[in-house]
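As the structure is a prediction and not an experimental result, all values here were calculated from the model. A note on names: the letters A, B, ... follow the listed sequences, proteins ahead of strands, and every chain is numbered from 1.
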Protein chains: 2
Amino acid sequence: MVTFTALADPKRRRIVELLATGEMAAGEINKHFRVSGPAISQHLKVLREAHLVRVRVDAQRRVYSLDPKGLDELEEWLMGIRKFWSGRLDALERALRADLPPESKKRKP
Amino acid sequence: MVTFTALADPKRRRIVELLATGEMAAGEINKHFRVSGPAISQHLKVLREAHLVRVRVDAQRRVYSLDPKGLDELEEWLMGIRKFWSGRLDALERALRADLPPESKKRKP
DNA sequence: TGTGTATTTAAGATTTGACTTAATTTAGTC
DNA sequence: GACTAAATTAAGTCAAATCTTAAATACACA
């Protein structure tokens, strides 16, 4: 799950958010940030490897767009957690979750 | 969105996966890894700050469980991206996505 | 009150990550 | 072919993250 590593950086999340509104060339993306070109290029590489973005070559330009695969993987992980979790939640645990007074189960050390 | 930073580490993801199957004391969690106690304790702190886990005190033990808040925030971000994105997808973009021969739009530099 | 257990906090070493400038690649134009 | 534009790769620096061991804290029970 390299997806989380890729999205851990705020600039990379911002890039994904930008691309959600439409495709964009590397240089255009760069204009939205105060860092050098190479910095963005490296971020894009990380996002590419995480299958969060795709490149299309148009002359000298590289036009980036979202790749569904990365987001799908993210959602699958999340849903996997939720599945196990909701299967596990019994009445007591629901009570704890709602911050009701818990039946503190004591236990010898 | 400290959530992504928290989940960027494989050990922390594993901890969340463990807790999805039920609550667990810090020491028990530790047994699932080959690192020292303090290492796990630090990871748990990061997860707590990201609202991905909660602690319940039981005598000397700290019993950890999943916190819905962190996962909810994660899902909200994801759905926000999807919302913008699917709104943007027109016929041409769908075609590109399906890897059909794209109408390469040339453009002077 | 003293001892053992569970866990966290502190301090320091090492690795990993993000940025910069310089050099390289690729494409189009004159 | 030489020149410009767009972007990437390379190399080095600085900051942040993770791990370790040692010390501190909190609790239970004899």
- Message: Can you give me the closest heavy-atom contact between A/Ala26 and A/Tyr64, atom names plus distance?
- Response: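 It is CB-CE1, 4.1 Å.
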- Task: Taking all heavy atoms of A/Arg61 and all of A/Ala25, pick out the closest pair and write down the distance.
- Result: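 The answer is NH1-CB, 3.8 Å.
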Can you figure out which of [options] approaches the side chain of [X] most closely?
X       : options                : value
A/Pro38 : D/dT8, D/dT18, C/dT9   : D/dT8
A/Gln42 : D/dC27, C/dA10, D/dA10 : D/dA10
A/Arg62 : D/dT8, C/dT7, D/dA22   : D/dT8
B/Ser41 : D/dC19, C/dT26, C/dT9  : C/dT9
A/Arg12 : D/dT8, C/dT7, C/dA18   : C/dA18
B/Lys11 : C/dT7, D/dT9, D/dC19   : D/dC19
A/Gln60 : C/dT21, C/dA6, D/dA6   : D/dA6

- For D/dA17, does either OP1 or OP2 sit under 4.0 Å from a side-chain N or O belonging to B/His43?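 Checking B/His43 against D/dA17: no side-chain N or O falls below 4.0 Å of OP1 or OP2.
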- Query: Is any side-chain N or O of A/Ser36 closer than 4.0 Å to OP1 or OP2 of C/dT20?
  - Reply: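 Indeed, a polar side-chain atom of A/Ser36 lies that close.
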- Do the side chains of B/Leu66 and A/Ile81 get nearer than 4.5 Å, heavy atoms only?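 In contact.
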- Task: Answer whether the closest heavy-atom distance between the side chains of A/Val63 and A/Met24 falls below 4.5 Å.
- Result: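 Of all side-chain heavy-atom pairs linking A/Met24 with A/Val63, none is under 4.5 Å.
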Just checking [X]: base, sugar-phosphate only, or nothing, at a heavy-atom cut-off of under 4.0 Å?
X       : result
B/Ala26 : sugar-phosphate
B/Tyr64 : sugar-phosphate
B/Asp9  : sugar-phosphate

To the nearest angstrom, how far is [X] atom [atom1] from [N] atom [atom2]?
X       : N      : atom1 : atom2 : result
B/Phe33 : D/dC19 : CZ    : C1'   : 14 Å
B/Arg61 : D/dC29 : CZ    : P     : 13 Å
A/Arg48 : D/dA7  : CZ    : C1'   : 10 Å
A/Ile40 : C/dT20 : CD1   : P     : 9 Å
B/Glu28 : C/dA6  : CD    : P     : 11 Å
A/Asp58 : D/dA7  : CG    : C1'   : 13 Å
A/Met24 : D/dA6  : CE    : P     : 16 Å
A/Ile29 : D/dA6  : CD1   : C1'   : 13 Å

- Could you say whether A/Val57 or A/Arg34 is positioned toward the 5' end of DNA chain C, judged by the nucleotide with the nearest heavy atom to each?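 Result: A/Arg34.
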- Taking the nucleotide of DNA chain C with the closest heavy atom to each, which residue, B/Val63 or A/Ala8, is nearer the 5' end?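 Closer to the 5' end of DNA chain C: B/Val63.
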Could you pull out every donor-acceptor pair under 3.5 Å between side chains of residues 6-14 of chain A and any protein atom, sequence neighbours left out?
unit_1	atom_1	unit_2	atom_2	d
A/Asp9	OD2	A/Lys11	N	2.9
A/Asp9	OD2	A/Arg12	N	3.2
A/Arg12	NE	A/Ala6	O	2.6
A/Arg12	NH1	A/His43	ND1	3.1
A/Arg12	NH2	A/Thr5	O	3.2
A/Arg13	NH1	A/Leu7	O	2.7
A/Arg13	NH1	A/Ala8	O	3.2
A/Arg14	NH1	A/Glu17	OE1	3.1

- Item | Residue whose closest nucleotide on DNA chain D lies nearer the 5' end, B/Gly37 versus B/Val46 |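 The residue mapped nearer the 5' terminus is B/Val46.
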- What is the ring orientation for B/Trp77 with B/Phe4, classed by angle as parallel under 30°, tilted 30 to 60°, or perpendicular over 60°?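 Answer is perpendicular, since the angle exceeds 60°.
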